[in-house]
Participant: 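What follows is a single structure, and I will ask about it in a moment.
Residue numbers begin at 1 in each chain, while the letters A, B, ... track the order of the sequences.
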4 protein chains.
Amino acid sequence: MTDAPHRRGADRTEAIMRTTLELGREIGYANLSIEAVAARAGAGKHTIYRRWSSKGALLLDSLLSLNGPGLDYPDTGDVVADLRAQIYAAVDLLAGASFGPLFQALIGEAQHDSRIAAALNERFIAPQADKTVARLKAARDQGQLSPGFDLDLAMAILSGPLYFQLLITQEPLTHEYVDRILDALFTGMGPRPRP
Amino acid sequence: MTDAPHRRGADRTEAIMRTTLELGREIGYANLSIEAVAARAGAGKHTIYRRWSSKGALLLDSLLSLNGPGLDYPDTGDVVADLRAQIYAAVDLLAGASFGPLFQALIGEAQHDSRIAAALNERFIAPQADKTVARLKAARDQGQLSPGFDLDLAMAILSGPLYFQLLITQEPLTHEYVDRILDALFTGMGPRPRP
Amino acid sequence: MTDAPHRRGADRTEAIMRTTLELGREIGYANLSIEAVAARAGAGKHTIYRRWSSKGALLLDSLLSLNGPGLDYPDTGDVVADLRAQIYAAVDLLAGASFGPLFQALIGEAQHDSRIAAALNERFIAPQADKTVARLKAARDQGQLSPGFDLDLAMAILSGPLYFQLLITQEPLTHEYVDRILDALFTGMGPRPRP
Amino acid sequence: MTDAPHRRGADRTEAIMRTTLELGREIGYANLSIEAVAARAGAGKHTIYRRWSSKGALLLDSLLSLNGPGLDYPDTGDVVADLRAQIYAAVDLLAGASFGPLFQALIGEAQHDSRIAAALNERFIAPQADKTVARLKAARDQGQLSPGFDLDLAMAILSGPLYFQLLITQEPLTHEYVDRILDALFTGMGPRPRP
DNA sequence: TAGTAACCGAGACGGTACGTCGTGTCTTGCC
DNA sequence: GGCAAGACACGACGTACCGTCTCGGTTACTA
């Protein structure tokens, strides 16, 4: 009817991904199995394996199919405000009750499966980082940051502590904590030590 | 004969942990199974399950059994040098060819298993962090850092980017990168932005 | 090609039963395990459990798959000769070197597992008994036996001592012994006691 | 204190056998394990293995420890009445609700374990049979039975159908059925067939 | 419009590992 | 020195998924 070229195929793909997220939220990633997704989705296992090579790949696609909108930076002229807005959004996604645990589990999976790691990087992490770096670069070009400002390192200082908290100490990620990091990055930690 | 109190038990425990590391290095964490460890160690599966509740718990203990010495800070009076030395050591352990992949996989496992996460934190992460914070505090008390210096945040800025690189972007962790972070923390990123 | 309806399934079923008998003869029923049958047959354990609920059920089917022909009575007009022929055949099967031990073990198993007992009865014992009773009935109808002749009891007297010898005293079952029982049944034990 | 030479030992032996019967009646022979008996009896496994070589041997001893009195034939002069009394008693024991299932299971076990079979024969079956044969012999010697009366066969005809019913068809054993067999043996089945 | 190829559900299949249970042997320490 | 307690190596249990495969029964393109 519509112009969708592979109607049946796309339907199944979406149904499977939807089921994956649904089931994943219910029973957690560790208990999730392709077998169970197939059963719940009313799909044959083959139909899943035809599309994805592993549980991780399936979840990755499923999660990425969510943020159709994507997180784009507006450039309001205020770097800090822009970064803050964007990081708030990212934190809400990663640490939110809905899909936070699945995101977290997916990053966990990436530690055993380098293909997942690569795909996760390429399709989720890098785009985010690139936008952050681009926004910082714009600020630097406009003279808001010193010419020697290390863009990549700044990005890492903004992201690292958050992922550290998410993955390692497993404490809740709050907006307040984001503020502290932003503050430290742009205001500094205080006078340098005198060795 | 000797004063060894639980000779038989301790013997098996050590043998199993040794085998776990050996086999883990050979075939990787994902392919590691309790069954295989038992077989290789000449132990019954029950003997393993009696001690550890999961593959992750076994690997955690096995890895922690390695650095009996632990990484202690000398206080040379130079905070930056002391931190650098300690972080170098940590990075060499986490990213080293020997056990780096296993450490990484263990952190991955912690994302699906909250008991592993808690144990990992309590027995590996927190002690390290505490020492770092203590060393920073000593420096602050001695006036080498400003009174408002946020110790915990500094620790997070030192650790976060490293774990980010280890777990997320999966790029190699170098001493040079550690230097950049230390530099950024204590020297600053440059003048603050003018919003 | 042919009319075989469930080719793949039937193939595995037969292969598994064949292996069961083969392995059972080699190592005995007590040492037989579903695990070992699966391994020898090149089958997954699940494939066995899908068909049979226990070792006993598997052996029962395997043994029954043997005598496709079955033991049928010809009616030559001579009851005793007909019975003799049929009982000889039964005794040869039950006490034969090939499968006797397995039959015996199966009857043993039936003592702990009432489902086995029921199936064994229904599919092996009862058909045999029915045929014997039918042959006796024909003889009685033709006036070769007295009208009050107790068919069921006669059947029990023909079978009981044989199973007693097989299962309880574990002495070898000979044709000569069958003859003695037949003789006793139809000729009598001698004059009745005078109380 | 008393003259019992191995007081502690005998105590344990009895306690273990008592527990075996108790537990056997509760959960059935198939589910019975030496481990469970030891636990319930508050005994070490070693203490059991020191005395019995297998579950079957333990149960055999336990069951035999029951009928301290034993079943002795009075010789009232009436063979049939004497036999009837004794067989009633045997049937009540073997098919009784209390220990019948355990007896039955033990006979089942004997089919896989020839040591059990031998012991069962020697200590339970043969003594019974011997007494029966002896009683029959006395009757024959007193002229109550014909000189050619086959004592062993008569014993087998008396026992066989009962065990057949107990072990094979698993129908209840009644006194009425015993009567039918006695009747057939001593009164005959009717006129011989004319071949 | 008929044929035909791809896709699909269902699920059988050979595997691997799971976590549990019971075996029979052993070691330890109490009494 | 017998005993309770239970650790130990071992082997099998029955289950769960894996990833591959075969089977028919629809689609939906192609000729």
Side-chain angles (χ1 to χ4, degrees), chain A residues 1 5-13 15-16 31-39 41-55, chain B residues 5-13 15-16 31-39 41-55, chain C residues 5-13 15-16 31-39 41-55, chain D residues 6-13 15-16 31-39 41-55:
Chain A
M1 213 49 46
H6 295 298
R7 183 61 200 276
R8 220 166 24 142
D11 268 8
R12 304 318 290 133
T13 301
I16 291 164
N31 300 319
L32 196 65
S33 72
I34 289 190
E35 196 117 2
V37 171
K45 288 164 65 175
H46 211 56
T47 305
I48 297 183
Y49 280 109
R50 200 179 292 127
R51 290 163 167 75
W52 297 280
S53 61
S54 67
K55 182 168 75 156
Chain B
H6 294 298
R7 189 58 201 276
R8 202 163 44 132
D11 267 8
R12 306 315 291 132
T13 300
I16 290 164
N31 300 318
L32 196 65
S33 72
I34 289 189
E35 194 121 7
V37 171
K45 287 163 65 175
H46 204 51
T47 304
I48 297 184
Y49 281 110
R50 199 179 292 126
R51 291 165 166 76
W52 297 280
S53 60
S54 68
K55 183 168 76 156
Chain C
H6 296 297
R7 189 60 202 276
R8 201 162 46 133
D11 267 8
R12 306 316 292 132
T13 301
I16 290 164
N31 300 317
L32 196 64
S33 70
I34 289 189
E35 193 122 5
V37 171
K45 287 164 68 175
H46 202 52
T47 302
I48 297 183
Y49 281 110
R50 199 179 293 126
R51 290 164 166 76
W52 297 282
S53 60
S54 67
K55 184 168 73 155
Chain D
H6 296 294
R7 181 62 199 278
R8 221 170 19 148
D11 268 7
R12 305 315 293 133
T13 301
I16 291 164
N31 301 318
L32 196 65
S33 70
I34 290 190
E35 195 116 4
V37 172
K45 288 165 64 178
H46 210 56
T47 305
I48 297 183
Y49 280 109
R50 201 178 291 126
R51 289 164 167 77
W52 296 280
S53 61
S54 68
K55 181 167 75 156

Participant: Does the side chain of T47(C) get closer than 4.0 angstrom to OP1 or OP2 of dA12(E) through an N or O atom?
Facilitator: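 So the side chain of T47(C) is outside the cut-off, no N or O lying under 4.0 Å from OP1 or OP2 of dA12(E).
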
Participant: Looking for any heavy atom pair under 4.0 Å, which part of the strands does A36(D) touch: base, sugar-phosphate only, or nothing?
Facilitator: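 Contact class for A36(D): none.
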
Participant: If I take atom CD1 in residue I16(A) and atom C1' in nucleotide dC7(E), what distance separates them, rounded to the nearest angstrom?
Facilitator: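 After rounding, the reported distance stands at 12 Å.
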
Participant: Taking the nucleotide of DNA chain E with the nearest heavy atom to each, does G44(A) or S53(D) sit closer to the 5' end?
Facilitator: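 The answer here is G44(A).
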
Participant: What does the list of N/O pairs under 3.5 Å between the protein and nucleotides 20-22 of chain E look like, with a distance for each?
Facilitator:
none

Participant: I want to confirm an ordering. Mapping A38(B) and A38(D) to their closest nucleotides on DNA chain F, which one lands closer to the 5' end?
Facilitator: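 Closest to the 5' end, via its nearest nucleotide, is A38(D).
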
Participant: Could you report the tightest heavy-atom contact between R12(B) and A43(B), atom names first, then the distance?
Facilitator: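 So the minimum-distance heavy-atom pair works out to NH2-CB, 3.8 Å.
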
Participant: Is any side-chain nitrogen or oxygen of R12(D) closer than 4.0 Å to OP1 or OP2 of dG2(F)?
Facilitator: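 Checking R12(D) against dG2(F): no side-chain N or O falls below 4.0 Å of OP1 or OP2.
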
Participant: Rounded to the Å, how far apart are R51(C) CZ and dG14(E) C1'?
Facilitator: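 Answer to the nearest Å: 12 Å.
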
Participant: Could you state the interatomic distance from CZ (R51(C)) to CD1 (I16(C)), rounded to the nearest 0.5 Å?
Facilitator: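 If I round to the nearest 0.5 Å, the distance is 5.0 Å.
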
Participant: With sequence neighbours excluded, what pairs up with K55(D) under the salt bridge (Lys or Arg N to Asp or Glu O under 4.0 Å) test?
Facilitator: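 Checked K55(D) against salt bridge (Lys or Arg N to Asp or Glu O under 4.0 Å); zero matches.
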
Participant: Looking at CH2 of W52(A) and OG1 of T13(A), how far apart are the two atoms once the value is rounded to the nearest 0.5 Å?
Facilitator: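 Atom-to-atom, W52(A):CH2 and T13(A):OG1 are 5.0 Å apart.
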
Participant: What pairs with A39(C) under side chain to side chain contact (heavy atoms under 4.5 Å, CB included), at least two apart in sequence or on another chain?
Facilitator: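 Once residues adjacent in sequence are excluded, A39(C) has no partner under the side chain to side chain contact (heavy atoms under 4.5 Å, CB included) criterion.
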
Participant: Rounded to whole angstrom units, what separation is found between the CD1 atom of I48(B) and the P atom of dA17(E)?
Facilitator: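 Interatomic distance, CD1 of I48(B) to P of dA17(E): 13 Å.
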
Participant: Does R50(D) have a side-chain nitrogen or oxygen under 4.0 Å from the phosphate oxygens OP1 or OP2 of dC3(F)?
Facilitator: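 It does, given that an N or O in the side chain of R50(D) lies less than 4.0 Å from OP1 or OP2 of dC3(F).
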
Participant: Under 3.5 Å, which donor-acceptor pairs do the side chains of residues 31-38 of chain A form with other protein atoms, sequence neighbours left out?
Facilitator:
residue	atom	partner	partner atom	Å
N31(A)	ND2	I27(A)	O	2.9
S33(A)	OG	A36(A)	N	3.0
E35(A)	OE1	K45(A)	NZ	3.3

